[in-house]
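This report concerns only the one structure given below.
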Amino acid sequence: MESNPFADPHASNPFSDPSVQQASGAGSAGQQQGMLDDYNPFAEGGNQTRAAGGAQQGGGTVPPPRPAQTTQPAIMTPSEEPPPYSATGAQKVDTSELQRRQEELERKAAELQRQENALKNMKPGSRQNNWPPLPKFLPCGPCFYQDFSVDIPLEFQRIVKFTYYLWGFHVIVLFLNVLASLAWFIVDADGGTTFGLSILWFLLFTPCSFLCWYRPLYKAFRSDSSFNFFVFFFVFFFQFCVYIIQCIGITDFTVGWINGIRVATDKNVGAGAIMLFVAFFFTLKSVVTILLLIKVHRIYRSTGASFQKAQAEFASGVMKNEAVQNAAADAAAGAARGAVSGQYGSNNRY
């Protein structure tokens, strides 16, 4: 059968269906690519696709996909604002103590520098004696040179000055002892011996205490001398024993607690009170003396000094003495002359 030349050529064309043309046309290429991109192999049935704008699945329409959520994740916000930062007391650095230590170190450094400059500028023979500070019109002058800031190291100046003040207090108590002994002698004739001895002790012990225990301590700290330390220990301990006897008053030759109480109860209350007052001072001196002796001994042991070092210093000092050197030289010369003369006489006999 011949076809009609005037008929519509697309009338019997199976591909003329609009749905087929829509699926196979060039305009649907984007939709097909989108359907392939949205294919989900893990969905139910294994063949489901998601098409934008309502693509067909099986025999029905697939609803458009839900838009992805673009909200931010939940963030917990504090219910209250944090308090403003403020430094606590433990966090604050106290600089006052550091500043005080810094100033103390600077002061010590300046003191050491001053002492060093004074020693450098001091010429031989320029250290004139300045103690005791006697008036110039007197025929005798000072006998010793004393300057704590120049001679004594800075860490020992305090204890040396304290010993010097203790010696001054010792002299005052000896003078008060003379007055107390005089009061005893006035109310009781038995106190005459004590009064005479108190004057002797004041005149004798004042210079002897300075020379025998204060001055050795000064020289010990000045030159780190073990020999002078030993002299101080020996004499100062003897001084401590004398203080004990004087404060107790166990004999009739001292003013102390026993004699003071006896005079106050039997003779005169005023004289006894003066004696007890002096006995208290002797007791105070005894306590301070033993404490100072212990402290100096600790300092001495911390320096590494020993008795052998003191012996070596003593031997070296004796051999450096000009009088000892001259005596030794004379003795050696006499021995040599005696040996030569003895040998010459024995040769003449033969």
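- In this structure, Ile258 and Gly249 approach most closely via the heavy-atom pair CB-O, 3.4 Å.
- Shown here for Leu134 and Gly141, the closest heavy-atom pair between the two residues is CD1-O, 3.8 Å.
- Shown here for Phe195 and Ser181, the closest heavy-atom pair between the two residues is CA-CB, 3.5 Å.
- Side-chain contact between Leu292 and Phe162: present, with at least one pair of heavy atoms (C-beta onward) separated by less than 4.5 Å.
- In summary, the side chains of Trp131 and Tyr164 do present a donor paired with an acceptor at a separation below 3.5 Å, with no hydrogens or angles considered.
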Walk me through whether Glu103 and Arg107 qualify under salt bridge (charged side-chain N to carboxylate O under 4.0 Å, His left out).
CA-CA 6 Å; Glu103 293 176 355; Arg107 184 170 61 255; 5.7 Å; no
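- Residues that satisfy the salt bridge (charged side-chain N to carboxylate O under 4.0 Å, His left out) test with Glu104, not counting sequence neighbours, are Arg100, Lys108.
- Going from atom CG of Leu217 over to atom OG1 of Thr163 covers 4.5 Å, rounded to the nearest 0.5 Å.
- Between Trp213 and Phe236, the angle of the ring planes lies from 30° to 60°, which puts this pair in the tilted group.
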Using a 3.5 Å cut-off and no angle test, enumerate the donor-acceptor pairs between side-chain atoms of residues 165-179 and protein atoms at least two apart in sequence or in another chain.
unit_1	atom_1	unit_2	atom_2	d
Trp167	NE1	Thr206	O	3.3
Trp167	NE1	Ser209	OG	2.8
His170	ND1	Tyr243	OH	2.5
His170	ND1	Lys285	NZ	2.7

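- Counting heavy atoms from C-beta on, the side chains of Lys295 and Ile159 come closer than 4.5 Å.
- Between the side chain of Asn268 and the backbone N or O of Ala271 there is at least one donor-acceptor pair closer than 3.5 Å.
- Under a hydrophobic clustering in which Ile, Leu, Val, Met, Phe, Trp and Tyr are joined whenever their side-chain heavy atoms come within less than 4.5 Å, directly or via other members, Ile294 and Val288 fall into the same cluster.
- The hydrophobic cluster containing Val231 also contains Phe234, counting ILVMFWY residues as joined when their side-chain heavy atoms lie under 4.5 angstrom apart, directly or transitively.
- Note that the CZ atom of Phe185 and the OG atom of Ser198 stand 11.0 Å from one another [nearest 0.5 Å].
- Two residues are said to be in side-chain contact when any heavy atoms from C-beta on lie closer than 4.5 Å; Trp184 and Thr194 meet this criterion.
- Between Pro216 and Val235, the closest side-chain pair of non-hydrogen atoms is not below 4.5 Å.
- When side chains are defined from C-beta on, Met275 counts as touching Asn259, because their heavy atoms get closer than 4.5 Å.
- Centroid-to-centroid, the aromatic rings of Phe144 and Phe210 come within less than 6.0 Å.
- Classification of the Phe221-Phe156 ring pair by plane angle, with boundaries at 30° and 60°, yields tilted.
- Without hydrogens or angle criteria, Asn130 side chain to Gln146 main chain gives a donor-acceptor distance under 3.5 Å.
- Residues Phe280 and Leu276 are not in side-chain contact: their nearest non-hydrogen atoms beyond the backbone lie 4.5 Å or more apart.
- Here CD1 of Ile244 is found 10.0 Å from CD of Gln246. Values are rounded to the nearest 0.5 Å.
- Cluster membership for Ile261 and Phe281, using ILVMFWY side-chain heavy atoms within less than 4.5 angstrom, is shared.
- Residues satisfying the ring-ring contact (aromatic ring centres under 6.0 Å, His included) test with Phe282, not counting sequence neighbours, are none.
- Rounding to the nearest 0.5 angstrom, the gap separating the CD atom in Gln157 from the CG atom in Asp147 is 9.0 Å.
- Side-chain contact between Leu293 and Phe232 is present, with heavy atoms from C-beta onward closer than 4.5 Å.
- Between the Thr265 side chain and the Arg262 main chain, a donor and an acceptor come within less than 3.5 Å of each other.
- Rounding to the nearest 0.5 Å places CZ of Arg215 at 10.5 Å from SG of Cys143.
- Ring planes of Trp201 and Phe205: parallel class, angle under 30° (limits at 30 and 60°).
- Taking the six-membered ring for Trp and the full ring otherwise, Phe233 and Tyr300 have centroids separated by under 6.0 Å.
- Put simply, CZ on Arg101 and CD on Glu106 are 14.5 Å apart, with the number rounded to the nearest 0.5 Å.
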